[in-house]
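Just so you know, residue 1 is the first one in the sequence shown, and it goes up from there.
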Amino acid sequence: MESLHLSTRIERPADEVYAYAGDPAQLPAWAAGLGGSIELVGGRWIAASSPMGRVEVTFAPRNPYGVLDHEVRLPGGETVYNPLRVIPDGPDACEVVFTVRHRAGESEADFRRDAAAVEKDLATLKRLLERA
């Protein structure tokens with residue numbers, strides 16, 4: 001299975017980027033693949049209007065290592081694991097790395113489309129945080 005490691009450098013402290021990107025309530029602002037809204041329902045983060053349908057998003061527990069791995073449970077029950085890291089680069093910058101994995105049965109075209117969408121999401125995250 002092929003993986004792509006996509007990254008962007010953000011001129012903000014890693015802890016600020018980690019706090020923002022790891023807050024599920026902020027996902028609609030920068031993660032277009034999850035749709036325009038997400039809400040906490042019964043202790044679970046649900047994006048009801050994602051392009052994939054109703055999905056549940058679960059982040060790794062908060063940690064001091066910048067790990068923002070998360071799982072997205074799709075409407076059909078499949079769970080997609082998404083590795084995401086915020087890596088400090090000095091006191092005022094960081095690198096955000098998202099690993100896109102080629103899922104079993106996914107076409108090459110769909111894999112490339114998914115990677116392009118993640119690149120756009122990372123660019124949006126950078127733009128939002130550097131404006132702050």
Exercise for the section: Return each pair, listed once, that meets salt bridge (Lys or Arg N to Asp or Glu O under 4.0 Å) where at least one residue sits in residues 14-24; pairs must be two or more places apart or across chains. Expected result: Arg12-Glu16

Exercise for the section: Tell me, please, which residues at least two apart from Asp69 pass salt bridge (charged side-chain N to carboxylate O under 4.0 Å, His left out). Expected result: Arg85

Exercise for the section: Applying salt bridge (charged side-chain N to carboxylate O under 4.0 Å, His left out), name anything that partners Glu95, two or more places apart in sequence or on another chain. Expected result: none

Problem - Which residues share a side-chain contact (heavy atoms from CB on, under 4.5 Å) with Thr79, sequence neighbours left out - result: Glu71, Arg73

Exercise for the section: Identify, with sequence neighbours excluded, every residue that meets salt bridge (charged side-chain N to carboxylate O under 4.0 Å, His left out) alongside Asp92. Expected result: none

Exercise for the section: Please list all pairs passing the salt bridge (Lys or Arg N to Asp or Glu O under 4.0 Å) test where one or both residues lie in residues 121-132, with sequence neighbours left out. Expected result: Lys126-Glu130

Problem - Partner residues of Glu78 under the side chain to side chain donor-acceptor pair (under 3.5 Å) criterion, sequence neighbours left out - result: none

Handout entry: Qualifying residues under side-chain contact (heavy atoms from CB on, under 4.5 Å), relative to Arg62, sequence neighbours excluded
Key = Tyr18, Ala19

Problem - His70 side chain vs Leu68 backbone, donor-acceptor pair below 3.5 Å - result: yes

Exercise for the section: Sort and list the pairs that fulfil salt bridge (Lys or Arg N to Asp or Glu O under 4.0 Å) and have at least one residue in residues 34-59, not counting sequence neighbours. Expected result: Arg44-Glu56

Problem - Those residues that, when tested against Asp110, pass side-chain contact (heavy atoms from CB on, under 4.5 Å) (two or more places apart) - result: Glu106, Ser107, Arg113

Exercise for the section: Report the hydrophobic cluster partners of Tyr81, with the cluster defined as I, L, V, M, F, W, Y residues connected by side-chain heavy atoms closer than 4.5 angstrom, directly or transitively. Expected result: none

Practice task
Report the residues that fulfil side-chain contact (heavy atoms from CB on, under 4.5 Å) with Glu119, sequence neighbours left out, ordered by chain and then residue number.
Solution key: Leu6

